[in-house]
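Report on the structure given below.
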Amino acid sequence: LTNTQPEDSLPKYVRINTLKSDLTTVKKAFDAKYKFQCMDLQDFSPQCLCEILQPQTVIEDPHIPNVLMFPPGTDLHTQPLYMNGSIILQDKASCFPAHVLSPPPGSMVIDCCAAPGNKTTHLAAILNNKGKVYAFDKDPKRLDILKKMVGKAGVTCVVPRCLDFLRTDPQDTQFKDVEYILVDPSCSGSGMLQRTDENSTTSVERLQQLSKFQISILKHALRFPAVRRVVYSTCSIHEMENEQVVQEVFSQVSDRFEIGHVMPHWPMRGLDTYQHGAMCVRMSPDKTLTNGFFVACFERRNELSNKKS
Ligand code: SAM
């Protein structure tokens, strides 16, 4: 399976960095050139979006707060708001994981595969810089990019660390209050729209290897003693990296965790050939005008109701 649609056929998504700006300020900055429009949740469909998203129009995303859709092909790299970190150019699909995790301000969070930092900075914005995000990545060069991104975005609550998450000790006292973990591990990337010169078919052996790694990293996240919510995401379209991972891990932790219903209003669900497929969300260029993506959420079972049953 490959994703061969050209990259610039999708809307250009912008996340407003609420640590530095807000919708009113961004609207003002683009006022002379663009007309802003809202969209009701029930009107959301690729056809309707394409009708509304004419040149010089911007749509306020109906699903994720502070996300804007510009017409395909819009280049905002030279925009002052981009240069000073007030807006972040991030596909809508990649804004789902932090939004689903939604740690309340003041929380302790781990972003275990964090670089280059799109979701880390989103988490920091949701926390309003209150609390702490441990941002781990084992790749030093990618972590350097994260550090730059964090600085540019005015983030002060992130602790970047270059390490292998699988080697962290969940019992370490520094993690005793971690309640929220984002698991966005390396994947085949098969959901990302390709440049036409790229060929990204992934062999079954590679998918098996990735799936094994994804299972181990998700299981590790679920070992942290205080963790209440763990969001698992990939930019893959392969069920081996998505629903299958969730099913395998759930079968091992079902006494302690349940699968949460992710964004019930979102139209594209996980594959219903799996027990929890419909609880998860998928995204795709043709059905949701985003890159291909998958998100699942593990929620700790209520200990009181466990004891009763
Ligand atoms: N969450 C990032 C973002 O939104 O910008 C993208 C993460 S990318 C899909 C996966 C990352 O996981 C890579 O940067 C890779 O270096 C990192 N990684 C892979 N295995 C890891 C491990 N065992 N521990 C920590 N990081 C790991």
Side-chain angles (χ1 to χ4, degrees), residues 3 13-15 17 64 67 85 87-103 109-127 133-153 155 158-170 172 175 178 180-194 200 202 206-207 209-224 230-238 240-242 245 249 283 290-297:
N3 225 349
Y13 292 95
V14 161
R15 176 167 63 78
N17 175 15
I64 314 269
V67 169
I87 59 172
I88 290 171
L89 308 183
Q90 183 175 355
D91 188 69
K92 171 176 172 176
S94 139
C95 297
F96 271 56
H99 175 69
V100 173
L101 193 64
S102 268
V109 182
I110 293 177
D111 185 354
C112 68
C113 294
N118 286 305
K119 299 177 191 78
T120 313
T121 52
H122 193 188
L123 286 168
I126 292 170
L127 289 172
V133 183
Y134 290 103
F136 299 145
D137 205 284
K138 65 172 193 184
D139 181 329
K141 287 205 183 95
R142 286 172 68 92
L143 199 72
D144 280 347
I145 303 175
L146 176 141
K147 287 179 189 163
K148 285 194 190 113
M149 193 171 179
V150 156
K152 182 177 168 188
V155 168
V158 164
V159 180
R161 297 238 176 104
C162 189
L163 53 75
D164 179 344
F165 177 62
L166 290 170
R167 299 177 75 94
T168 55
D169 176 6
D172 189 324
F175 304 133
V178 169
Y180 298 88
I181 303 185
L182 188 62
V183 182
D184 184 43
S186 305
C187 70
S188 62
S190 51
M192 303 300 284
L193 286 189
Q194 301 302 313
S200 78
T202 312
R206 173 80 182 129
L207 286 177
Q209 223 176 37
L210 283 166
S211 173
K212 211 169 141 201
F213 158 71
Q214 290 150 351
I215 288 169
S216 63
I217 209 148
L218 179 52
K219 274 171 57 186
H220 193 68
L222 293 162
R223 288 188 187 112
F224 282 69
V230 173
V231 166
Y232 173 73
S233 60
T234 74
C235 56
S236 166
I237 54 175
H238 298 297
M240 274 174 81
E241 298 181 89
N242 297 333
V245 168
V249 173
M283 285 141 258
T290 64
N291 281 312
F293 226 85
F294 174 84
V295 181
C297 180

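Heavy atoms only: backbone and side chains are in, while hydrogens, waters and symmetry mates are out. Since the structure is predicted, the reported quantities are computational estimates derived from the model, not experimental observations. Order of appearance sets the numbers: ligands from 1, and atoms from 1 within every ligand.
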Where do Phe96 and Ser233 land on the side chain to side chain contact (heavy atoms under 4.5 Å, CB included) test, with the steps shown first?
CA-CA 9 Å; Phe96 271 56; Ser233 60; over 6 Å; no

Under the criterion side chain to side chain contact (heavy atoms under 4.5 Å, CB included), I'd like the reasoning laid out for Asn118 against Met149: C-alpha separation, chi angles, the key distance, then a yes or no.
CA-CA 8 Å; Asn118 286 305; Met149 193 171 179; 3.1 Å; yes

Asn291 and Cys235: CA distance, side-chain angles, deciding distance, side chain to side chain contact (heavy atoms under 4.5 Å, CB included) verdict:
CA-CA 7 Å; Asn291 281 312; Cys235 56; 6.0 Å; no

Where do Leu123 and Leu182 land on the side chain to side chain contact (heavy atoms under 4.5 Å, CB included) test, with the steps shown first?
CA-CA 9 Å; Leu123 286 168; Leu182 188 62; 3.8 Å; yes

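Nearest non-hydrogen protein atom to atom 14 (O) of ligand 1 is Arg142 NE, 2.5 Å. Protein heavy atom nearest atom 17 (C) of ligand 1, with residue, atom name and distance: Asp137 OD2, 3.2 Å. Of all protein heavy atoms, the one lying nearest to atom 26 (N) of ligand 1 is Lys138 N, 3.3 Å. Looking only at heavy atoms of the protein, atom 24 (N) of ligand 1 is closest to Phe165 N, 2.9 Å. Scanning all protein heavy atoms for the shortest distance to atom 19 (C) of ligand 1 gives Ser186 OG, 3.2 Å. When only non-hydrogen protein atoms are considered, atom 12 (O) of ligand 1 lies nearest to Cys113 CB, 3.2 Å. Of all protein heavy atoms, the one lying nearest to atom 6 (C) of ligand 1 is Ala115 O, 3.1 Å.
The aromatic ring centres of Phe165 and Phe224 sit less than 6.0 Å apart.
On a distance-only criterion, Gly117 and ligand 1 share at least one N/O pair closer than 3.5 Å. Between Pro185 and ligand 1, no pair of N/O atoms sits closer than 3.5 Å. Considering backbone and side-chain atoms alike, Phe136 places every N or O at 3.5 Å or more from each N or O of ligand 1. No N or O atom of Phe213 sits closer than 3.5 Å to an N or O atom of ligand 1. Considering backbone and side-chain atoms alike, Lys119 places an N or O below 3.5 Å from some N or O of ligand 1.
Each of the following atoms of ligand 1 lies closer than 4.0 Å to a heavy atom of Cys112: 25 (C), 26 (N). Close contacts of ligand 1 with Asn118, meaning ligand atoms under 4.0 Å from a residue heavy atom, involve 3 (C), 4 (O), 5 (O). Under a 4.0 Å criterion applied to the non-hydrogen atoms of Asp184, ligand 1 contributes the atoms 1 (N), 2 (C), 4 (O), 6 (C), 7 (C), 8 (S), 9 (C), 10 (C). The distance from ligand 1 to the heavy atoms of Asp139 drops below 4.0 Å at these ligand atoms: 16 (O). Numbered from 1 in the order shown, with element, the atoms of ligand 1 that lie under 4.0 Å from a heavy atom of Asp164 read 22 (C), 23 (N), 24 (N).
Look at Ser94 and you'll find every heavy atom at least 4.0 Å from all atoms of ligand 1. Heavy-atom separations between Cys187 and ligand 1 are all 4.0 Å or longer. Taking a 4.0 Å cut-off on heavy atoms, Leu163 registers as neighbouring ligand 1.
With hydrogens and angles ignored, the 3.5 Å screen pairs no side-chain donor or acceptor of Asp184 with any backbone N or O of Cys113.
In this model, no donor atom of one side chain and acceptor atom of the other lie less than 3.5 Å apart for Thr234 and Gln214. Using a 3.5 Å distance cut-off with no hydrogens or angles, the side chains of Thr290 and Asp91 do not pair a donor with an acceptor. Side chain to side chain, Thr120 and Asp111 meet the donor-acceptor criterion of an N or O pair below 3.5 Å. No side-chain N or O of His122 forms a donor-acceptor pair with one of Ser94 less than 3.5 Å apart. A side-chain N or O of Arg15 and one of Thr121 form a donor-acceptor pair less than 3.5 Å apart.
Results of the side chain to side chain contact (heavy atoms under 4.5 Å, CB included) test with Val109 over Ile126, Val178, Ile181, Leu101 single out Leu101 as the only residue that passes.
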